[in-house]
Amino acid sequence: MEPTVVFVYKIETQNYVTVSDLNENGEWLTYELEHEDEFETFNHEESNPLEGKGYMIKQSDVNTMVEVVNRYIQKYRHSFSSSSVEAGDQVAAVHIVSSESAAGSLRVGLERPKVVIGFLDSFSIGPLWKLDKKAGQTFRNEWLYEHINYEQDDYEYENKFTNTLRELEDIPGQVPIYIWYGNNSDEQIGLRFLLFSLCDKTNDVFLMNSTELYERYIMPKDRGQKISHTGHIEQKDLRLLFEKGQKNPPISEQERMQLQEEWNYLAQTKEVLRLWMRGEIKGVKENHFDPLIINTIEMLHRKQEKKDFIKAGMVIGEILSGTNELINAFFLEYRIRHLIYSGLLELKGIPKSMRHYSVKLR
């Protein structure tokens, strides 16, 4: 970026970092060289850092630094893991789930020792085309960047996706792997993607269908509402479900190959919206929810004394509360913006997030 400037970042964690981590955490020092040729022999511990002078760094360059830092962290984690195994330390079971919120519940609910990996992604939305390859990941990142307002730093989603793939690579051999998923499109697609990503692993893999386990062991007691997403299950219930579900045998090679083949099919599709319908993953048209959005706004207008603007977040909240179907709120917000640009809705405010603007029917 600058031929005579050296940035030094002190890595203080074994966890992979993102652009926001590099921007907000960690110790940064800056040095200036007399000539760029000095870099090959430069040692920051033998030099004095700059004081009272700083540099503005482009976010794309910070992202490049993230990749470099994470490669060093992974190299260190591998050597650390090897020494731990040689020392006879207990290697924990690994639990993987396609939801950060569900991963948080598993970390609290399950007994130690264990490792929990949460996949930050909504596989029900956005392109899946060649997602198991770098080209497909770039294609998906660009689509999400142009359509979905995740309200986070540029490259943050991309970093977390790549970091999760690194965590999957880091799983040591012979450690049992438990994949948690419910009967919804996000987690069902995630199951297939995870099994494909783990295809080189010889570990025993156990499938934990949280929806079926919940219906079998918890629902008969309280006759409560059906649960279709792992993230909706209480922490104490997750512990019970694990105690019951871990008695099941690991997935067979035949079933594993079948689910990997189903992923291969999904990785060739071009839809950007998928639903879980009658036990199958179904691709639907991008405008599938547009009539529901318009009908909901019409209903909210009827409740007003005078037709007026309604917060986009209120429209989305009304839709989510009125259906048992798991719908991605950020995808609904994207479709609301599309209806604005198409001229069907009027806009008041700045559509930088669903909290910042209101809509009404033209």
Item to complete: Could you check I350 against Y357 for side chain to side chain contact (heavy atoms under 4.5 Å, CB included), going step by step and ending with a plain yes or no?
Response: CA-CA 5 Å; I350 304 171; Y357 69 98; 5.9 Å; no
Using modelled atom types only, decide if a donor and an acceptor are shared between the side chain of [X] and the backbone of [Y] within a distance under 3.5 Å.
X	Y	answer
E27	K10	no
T30	F7	no
R362	G343	yes
R355	G313	no
T41	E38	yes
R337	H147	yes
K201	E169	yes
T269	Y265	no
Q74	R71	no
R107	V116	yes

Assigning hydrophobic clusters by single linkage (Ile, Leu, Val, Met, Phe, Trp, Tyr; side-chain heavy-atom cutoff under 4.5 Å), is [X] placed with [Y]?
X	Y	answer
V5	V62	yes
Y31	W28	no
V272	M277	yes
I294	L292	yes
I125	I281	yes

Response to the item:
Residues pairing under salt bridge (charged side-chain N to carboxylate O under 4.0 Å, His left out) where one sits in residues 314-331, two or more places apart or in two chains, turn out to be none
Discussion item. Side chains of R239 and Q235 only: does a donor on one sit below 3.5 Å from an acceptor on the other?
Written reply: no
Worksheet item: Looking only at side chains, do D21 and T18 share a donor and an acceptor under 3.5 Å apart?
Response: yes
Taking all non-hydrogen atoms of both residues into account, name the closest pair between [X] and [Y] and its distance.
X	Y	answer
A103	G118	CB-CA, 3.6 Å
L213	L241	O-CD2, 3.5 Å
L361	E346	O-OE2, 4.3 Å
D154	Q59	O-NE2, 3.7 Å

Taking the side chain as every heavy atom from C-beta outward, state whether [X] and [Y] have any atom pair closer than 4.5 Å.
X	Y	value
S353	N149	yes
Y9	M65	no
D186	S124	yes
K285	L273	no
W263	L195	no
V66	Y155	no
I319	F289	no
Y157	R140	yes

Fill in: Residue pair T202, Q174: steps toward the side chain to side chain contact (heavy atoms under 4.5 Å, CB included) verdict
CA-CA 7 Å; T202 58; Q174 309 308 314; 4.1 Å; yes
Practice prompt. For the pair L259 and L207, evaluate side chain to side chain contact (heavy atoms under 4.5 Å, CB included) and give the outcome as yes or no after the intermediate values.
Written response: CA-CA 12 Å; L259 290 167; L207 302 189; 4.2 Å; yes
For the [atom1] atom on [X], are there more than 12 heavy atoms of other groups (residues, nucleotides or ligands in this structure) within a distance under 6.0 Å?
X	atom1	value
M299	CE	yes
E51	CD	no
F39	CZ	no
E12	CD	yes
F42	CZ	yes
K307	NZ	yes
K130	NZ	no

Discussion item. Among T230, N184, N183, exactly one meets side-chain hydrogen bond (donor to acceptor under 3.5 Å, both in side chains) together with S210. Which residue is that?
Written reply: T230
Fill in: Option from Q260, E262, E261 for which side-chain hydrogen bond (donor to acceptor under 3.5 Å, both in side chains) with Q258 holds
E262
Item to complete: Sort and list the pairs that fulfil ring-ring contact (aromatic ring centres under 6.0 Å, His included) and have at least one residue in residues 230-254, not counting sequence neighbours.
Response: H95-F242, Y178-F242, H229-H232
Response to the item:
ring-ring contact (aromatic ring centres under 6.0 Å, His included) pairs touching residues 294-333, sequence neighbours excluded, are Y150-F330, F331-Y334
About how many Å separate [atom2] of [Y] and [atom1] of [X], when rounded to the nearest 0.5 Å?
X	Y	atom1	atom2	result
F139	L144	CZ	CG	10.5 Å
I316	K311	CD1	NZ	12.0 Å
L198	F193	CG	CZ	9.5 Å
I310	K348	CD1	NZ	12.0 Å
Q188	F123	CD	CZ	12.5 Å

Discussion item. Pair L128, R274 - check side chain to side chain contact (heavy atoms under 4.5 Å, CB included), show working.
Written reply: CA-CA 10 Å; L128 298 179; R274 290 158 292 276; 3.4 Å; yes
Worksheet item: So which of V115, I117, I171 actually passes side chain to side chain contact (heavy atoms under 4.5 Å, CB included) with I177?
Response: I171
Discussion item. Among V94, N163, I96, exactly one meets side chain to side chain contact (heavy atoms under 4.5 Å, CB included) together with L168. Which residue is that?
Written reply: I96
Fill in: Row check, Y16 ring normal vs R166 NZ/CZ: under 6.0 Å, within 45°
yes
Item to complete: Would you check, one step at a time, whether the test ring-ring contact (aromatic ring centres under 6.0 Å, His included) holds for F119 with F161?
Response: CA-CA 7 Å; F119 219 118; F161 188 97; 5.2 Å; yes
